[in-house]
Every structure is written in C-alpha cells, then in structure tokens.
Amino acid sequence: MTAKIGNKNIAQHRGRKERQDIRKTNIAREAVRQAEARAKYRNQVKGQLPLALSAAAA
C-alpha cells in the first residue's frame with residue numbers, strides 16, 4: 001500500500017519557485033479583473049453613457 005500524499009504541491013511535484021510564480025500570476029490576474037469591474041460599475045450620471053462605451057464610440 002502506498003503512503004497517502006497530503007500536500008497537493010508534493011503530489012504534483014511543484015517546487016517553491018513554481019508556487020511563487022503561480023501565486024504572482026494569480027494576484028496579477030485578480031488585479032486585472034478587479035480593475036475591469038471597477039471601471040464597469042463606476043457610478044455614472046443618470047442618462048449618460050458609461051465612460052467605456054462613450055470612449056469606444058468616439
């Protein structure tokens with residue numbers, strides 16, 4: 001019977017450097033998503049086009 005592997009990083013043979021790279025890319029990806037969401041849902045004046053749409057139309 002084999003030993004139970006309790007750590008996903010050990011099971012998938014991930015080293016420290018690779019885990020740091022994954023973490024950095026995840027943080028960067030999440031920052032981009034948050035920036036897009038902030039731009040999309042920013043408070044607008046009633047009846048006025050959002051900034052993203054008005055910039056694309058011009």
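Just so you know, these numbers come straight off a predicted model, no measurement behind them. The first residue of the sequence shown is numbered 1, and numbering continues consecutively from there.
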Under 4.0 Å between a side-chain nitrogen and a carboxylate oxygen: does that hold for Arg33 and Glu36?
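Salt bridge: no.
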Quick one, Arg16 with Arg19, criterion side chain to side chain contact (heavy atoms under 4.5 Å, CB included). Give me CA distance, side-chain angles, the key distance, then yes/no.
CA-CA 5 Å; Arg16 184 167 187 252; Arg19 284 183 282 141; 3.8 Å; yes
Going by heavy atoms in the side chains, are Arg14 and Ile22 under 4.5 Å from each other?
yes
Is a side-chain donor-acceptor pair under 3.5 Å present for Arg29 with Asn26?
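Looking only at side-chain atoms, Arg29 and Asn26 do form a donor-acceptor pair, the distance falling under 3.5 Å.
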